[in-house]
Amino acid sequence: MSYAKEVIAKADQKFAEQPEFLQAVKEVLSSLEPIIEKNEDRYRRDAILERLIEPDRQIMFRVSWIDDSGKVRVNTGYRVQFNNAIGPYKGGLRLHPSVNLSIIKFLGFEQIFKNSLTGLPIGGAKGGSDFDPKGKSDREIMRFCQSFMTELSKYIDADTDVPAGDIGTGAREIGYLFGQYKKIKGLYEGVLTGKGLSYGGSLARTEATGYGLLYLTTEMLKCNGHDIKGKRVCVSGSGNVATYAVEKAQQLGAKVLTVSDSTGWVYDPDGIDVKALKDIKEIRRGRLSLYKDYRPNAEYHEGKGVWSVKCDVALPCATQNELTLEDAKTLVKNGVIAVSEGANMPTTLDATNYLIENGVLFAPGKAANAGGVATSALEMSQNSERTSWTFEQVDEKLRSIMINIFHNMESAAARYGKPGNYVVGANIAGFEKVVDAMLAEGVS
Ligand code: NDP
Ligand code: 2IT
């Protein structure tokens with residue numbers, strides 16, 4: 001049995017209760033086979049794969065907070081510090097009722113390779129809580145964030161581990177977390193990214209994941225003989241990543257037909273109105289059913305459905321496993337050219353394979369959505385220098401990072417005999433630097 005298969009089999013036993021984590025391990029390790037085969041003895045002797053799938057540490061803690069009625073509520077907090085071979089731990093905090101150890105571990109594991117792909121010195125981590133921000137007052141959010149940080153602050157600082165946003169964690173939550181960190185530690189340092197502009201945030205961080213997704217997708221289309229201009233695009237989600245993906249796609253001349261949230265989805269034949277979307281989601285914090293009030297020509301449907309709309313480019317930007325084999329079949333039947341993952345692991349493994357086998361250009365999340373964390377690393381640089389760059393400076397760095405990521409994953413795929421397979425390319429290109437550092441740093 002190959003080394004990768006052996007480690008996958010062991011993981012299957014050991015992590016049977018962690019389906020999302022196992023899914024990510026299988027996707028990554030099986031696509032690394034070509035590079036593992038070439039270095040099998042060395043990697044085996046140093047147990048590289050076993051060490052790679054076992055986090056440096058996983059921290060779990062109680063988060064007690066008081067709701068507006070005076071009742072004490074309890075949630076579970078997580079921070080999984082996965083691998084710091086190439087830099088301090090870096091990765092977002094997810095606040096969603098579905099959060100559990102499996103989900104945080106899959107996200108932290110993916111983050112190792114994503115962060116490496118950016119070319120910047122950041123290791124992989126993820127955290128969060130099963131806290132549900134929906135329906136909570138601003139004060140409840142604040143008290144939750146303060147309690148969460150009271151414990152998390154023991155394990156992080158600007159050179160050790162730098163958390164950021166993810167599902168349910170945006171500028172408001174980062175502000176409360178930062179305030180509490182500062183109060184507890186008495187330190188004004190860049191310990192979180194995605195901060196507000198008045199207290200050390202970077203211009204373009206809000207837009208970075210969505211914009212970066214479009215920069216990479218445009219380059220992928222261009223290098224395969226297509227132009228983003230005039231393309232019909234379907235987007236899922238309507239949060240941070242989706243909103244700025246829609247905005248950039250439209251700036252580049254594409255027409256975005258759909259967005260969604262966890263209750264329903266919108267089809268707008270005239271192209272999604274970003275201003276309306278921002279008003280509903282960023283200001284009113286409302287549901288997408290409100291969209292029809294702004295655009296009477298649009299349709300609102302309950303449930304899932306964005307992938308049933310005919311499009312050239314599909315951008316899943318909501319959550320994991322939201323694009324299934326059935327959806328992939330529909331997209332292929334409708335002539336989709338490209339699928340780029342704005343979310344983390346939104347496409348199931350069988351759907352990914354189906355898309356690739358059917359000639360669809362497929363950009364995996366760890367490459368396509370790396371613009372967010374890359375810009376977080378740029379925020380860290382600005383904080384260290386105690387300076388701030390213009391929007392144009394950050395945006396231009398982001399664009400060139402995304403273009404580099406595309407070319408690195410393309411060339412790694414070709415070097416290892418899988419031209420055009422960007423899943424293989426992204427995993428190998430991300431892994432190469434991490435494994436090199438792990439070998440150089442010795443067994444730990
Ligand atoms: P937001 O919280 O801003 O938005 C999430 C969106 O996805 C919302 O529209 C939400 O709908 C929808 N959604 C979330 N969970 C589910 C679910 N279980 N079923 C259906 N819809 C769901 O998060 P982001 O935009 O920041 O994150 C979206 C994805 O992008 C995630 O996979 C995240 O890990 C990834 N990502 C984020 C980065 C960032 O910089 N923010 C960077 C790289 C990747 P509703 O509001 O109804 O819950
Ligand atoms: O999944 C991700 O890359 C993020 N949520 C962003 C992490 C970060 O540190 O900016």
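Both ligands and their constituent atoms are indexed starting at 1 by order of listing.
- Looking only at side-chain heavy atoms (C-beta outward), E110 and K114 stay at 4.5 Å or farther from each other.
- Atoms of ligand 1 lying under 4.0 Å from any heavy atom of R94, numbered from 1 in the order shown and given with element: 31 (C), 32 (O), 33 (C), 34 (O).
- For ligand 1, the polar-atom distance check against S238 finds a nitrogen or oxygen pair separated by under 3.5 Å.
- Within the 4.0 Å heavy-atom cutoff, G165 counts among the residues contacting ligand 2.
- In T209, the part holding a heavy atom less than 4.0 Å from any atom of ligand 1 is the side chain.
- Within the 4.0 Å heavy-atom shell around ligand 2 one finds K126.
- In the candidate list R205, M380, R94, K114, R205 is nearest to atom 6 (C) of ligand 2, counting heavy atoms.
- Among protein heavy atoms, the minimum distance from atom 19 (N) of ligand 1 is reached at T319 CG2, 3.9 Å.
- Remark: minimum distance from atom 15 (N) of ligand 1 to any protein heavy atom is reached at H96 NE2, 3.6 Å.
- Donor-acceptor pairing under 3.5 Å is lacking for the side chains of D157 and Y181.
- For the pair R287 (side chain) and K281 (backbone), a donor-acceptor distance under 3.5 Å is absent.
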Residue pair S129, R94: steps toward the side-chain contact (heavy atoms from CB on, under 4.5 Å) verdict: CA-CA 6 Å; S129 174; R94 178 174 291 192; over 6 Å; no
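- Defined by atom type and a distance below 3.5 Å, a donor-acceptor pair is missing between the side-chain atoms of R143 and S64.
- A 4.5 Å side-chain heavy-atom check between F148 and L93 finds at least one atom pair inside the cut-off.
- Remark: minimum distance from atom 7 (C) of ligand 2 to any protein heavy atom is reached at G92 N, 3.6 Å.
- Counting heavy atoms only, N344 comes closest to atom 32 (O) of ligand 1 of the residues V373, N344, N240.
- Residue A318 holds the heavy atom nearest to atom 28 (C) of ligand 1 of all those in G239, P316, G92, A318.
- When only modelled atom types and interatomic distance are considered, Y78 and D130 share no side-chain donor-acceptor pair under 3.5 Å.
- Among all non-hydrogen protein atoms, the one lying nearest atom 27 (O) of ligand 1 is I167 CG1, 3.7 Å.
- One finds no salt bridge joining K231 and D312 here, because no Lys/Arg side-chain nitrogen approaches an Asp/Glu carboxylate oxygen to under 4.0 Å.
- Numbered from 1 in the order shown, with element, the atoms of ligand 1 that lie under 4.0 Å from a heavy atom of S260 read 9 (O).
- If you number the atoms of ligand 1 from 1 as listed, the ones under 4.0 Å from a heavy atom of G237 come out as 9 (O).
- Closest to atom 25 (O) of ligand 1 among all protein heavy atoms lies V241 N, 2.9 Å.
- With distances taken over non-hydrogen atoms, the option nearest atom 1 (O) of ligand 2 out of L107, N344, V373 is N344.
- Atom 8 (C) of ligand 2 has its closest protein heavy atom at A164 CB, 3.4 Å.
- Using a 4.0 Å cutoff on heavy atoms, R205 counts as a contact of ligand 1.
- Considering both main-chain and side-chain atoms, G165 never comes within under 3.5 Å of ligand 1 through any nitrogen or oxygen pair.
- Inclusion of K134 in the set of residues having an N or O under 3.5 Å from an N or O of ligand 1 is warranted.
- A donor atom on one side chain and an acceptor atom on the other are found under 3.5 Å apart for N75 and W65.
- Only the backbone of C317 comes within 4.0 Å of ligand 1, judged by heavy-atom distances.
- A side-chain donor-acceptor contact under 3.5 Å links S102 and E20.
- By the 3.5 Å distance cut-off applied to N or O atoms, R287 is counted among the residues near ligand 1.
- Side-chain atoms of Q18 and K105 form a donor-acceptor pair, as typed in the model, at a separation below 3.5 Å.
- Neither the backbone nor the side chain of K366 has a heavy atom within less than 4.0 Å of ligand 1.
- Side-chain atoms of Y267 and N297 form no donor-acceptor pair, as typed in the model, at a separation below 3.5 Å.
- In terms of protein heavy-atom proximity, atom 9 (O) of ligand 2 is closest to K90 NZ, 2.7 Å.
- Regarding atom 10 (O) of ligand 2, its nearest protein heavy-atom neighbour is S376 OG, 2.5 Å.
- Between the side chains of N369 and T209, no donor N or O sits under 3.5 Å from an acceptor N or O.
- The aromatic rings of F144 and F131 lie parallel to each other, their planes meeting at an angle below 30°, with 60° marking the opposite boundary.
- Checked by distance only, ligand 1 and S262 come closer than 3.5 Å through their nitrogen or oxygen atoms.
- Annotation: Q320 places no N or O atom under 3.5 Å from an N or O atom of ligand 1; distance criterion only.
- With no hydrogens or angles considered, a side-chain donor-acceptor pair links Y89 and R57 at under 3.5 Å.
- F82 has its ring centre less than 6.0 Å from the ring centre of F109.
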